[in-house]
Structures are given as C-alpha cells and as structure tokens.
Amino acid sequence: EAVQGKEIMDADQRARQAKDLLQNELLVEAFDTLRQELMQRWENSASDEAAARESIWLGLQLLERVRRHLESIVTTGDMAKLREKTSPFI
C-alpha cells in the first residue's frame, strides 16, 4: 500500500514532505542523538570488539543513508519543478 501511495504522490509533494522531515526538530535531534551514541560506543569499544565496531559502522551507514535518501527526494522535486518551468511540454 505504501508503494501505491508513493506512485500517486507527485515529486513536488514528496519533496515538500522530505524537506519538512529534514527540518523537523525532533527528527534532526533523533539523527544527531543516534549518531552521537553510536560514535561514543565506537570510541569506547575494546580492541577485541571488532564485531561490535562493525555493527556500529553499519548503524552509522544506515543512518546516513536515510538522510541522503530524504535529501535525494528534495533534489528530485526541485529538478522536476525546474524542468516544468523551463520545458513545460516535456
């Protein structure tokens, strides 16, 4: 059902919602807090905890991937608006 909603929602709507999320104080706080916690866990890990550090690294990568995905949606919406403005018949 989420995929159908995604298909129905146009690029501009998606861009607005993604931008709102990226500017949402609670979401920004959550991203920052999670990143800090993961970095502290990494810094405090013992030398024999390689598996734990790999898990922390994965968490950091996933956190960044979510943020980049939202930024990509904003960029796609901006590009769609620009394309519509410059070439409305395409």
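Computation of the quantities below employed the complete heavy-atom set of this structure, encompassing side-chain atoms and omitting hydrogens, waters and symmetry-equivalent molecules.
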Using the rule that two of Ile, Leu, Val, Met, Phe, Trp, Tyr join whenever any of their side-chain heavy atoms come within less than 4.5 Å, decide whether [X] and [Y] are in one cluster.
{"X": "Val66", "Y": "Leu38", "result": "no"}
{"X": "Leu63", "Y": "Val74", "result": "yes"}
{"X": "Ile73", "Y": "Met79", "result": "no"}

Rounded distance (nearest 0.5 Å) linking atom [atom1] of [X] with atom [atom2] of [Y]:
{"X": "Arg14", "Y": "Gln17", "atom1": "CZ", "atom2": "CD", "result": "9.0 Å"}
{"X": "Ile56", "Y": "Met39", "atom1": "CD1", "atom2": "CE", "result": "9.5 Å"}
{"X": "Leu26", "Y": "Leu21", "atom1": "CG", "atom2": "CG", "result": "11.5 Å"}
{"X": "Leu62", "Y": "His69", "atom1": "CG", "atom2": "NE2", "result": "13.5 Å"}

Check whether any side-chain N or O of [X] sits under 3.5 Å from a backbone N or O of [Y] as a donor-acceptor pair, and report yes or no.
{"X": "Asn44", "Y": "Gln40", "value": "yes"}
{"X": "Glu49", "Y": "Ala46", "value": "yes"}
{"X": "Arg53", "Y": "Ser47", "value": "yes"}
{"X": "Gln13", "Y": "Asp10", "value": "yes"}
{"X": "Thr33", "Y": "Glu29", "value": "yes"}

Less than 4.5 Å apart, side chain to side chain, heavy atoms only: is that true for [X] and [Y]?
{"X": "Gln23", "Y": "Val28", "value": "no"}
{"X": "Glu71", "Y": "Leu22", "value": "yes"}
{"X": "Leu27", "Y": "Phe31", "value": "yes"}

Any salt bridge linking Arg16 with Asp12? Criterion: basic side-chain nitrogen under 4.0 Å from a carboxylate oxygen. yes

Closest non-hydrogen atoms of Gly77 and Ala15, given as atom of the first, atom of the second and distance, are CA-CB, 3.6 Å

For Glu25, is the CD atom crowded, meaning more than 12 foreign heavy atoms sit under 6.0 Å from it? no

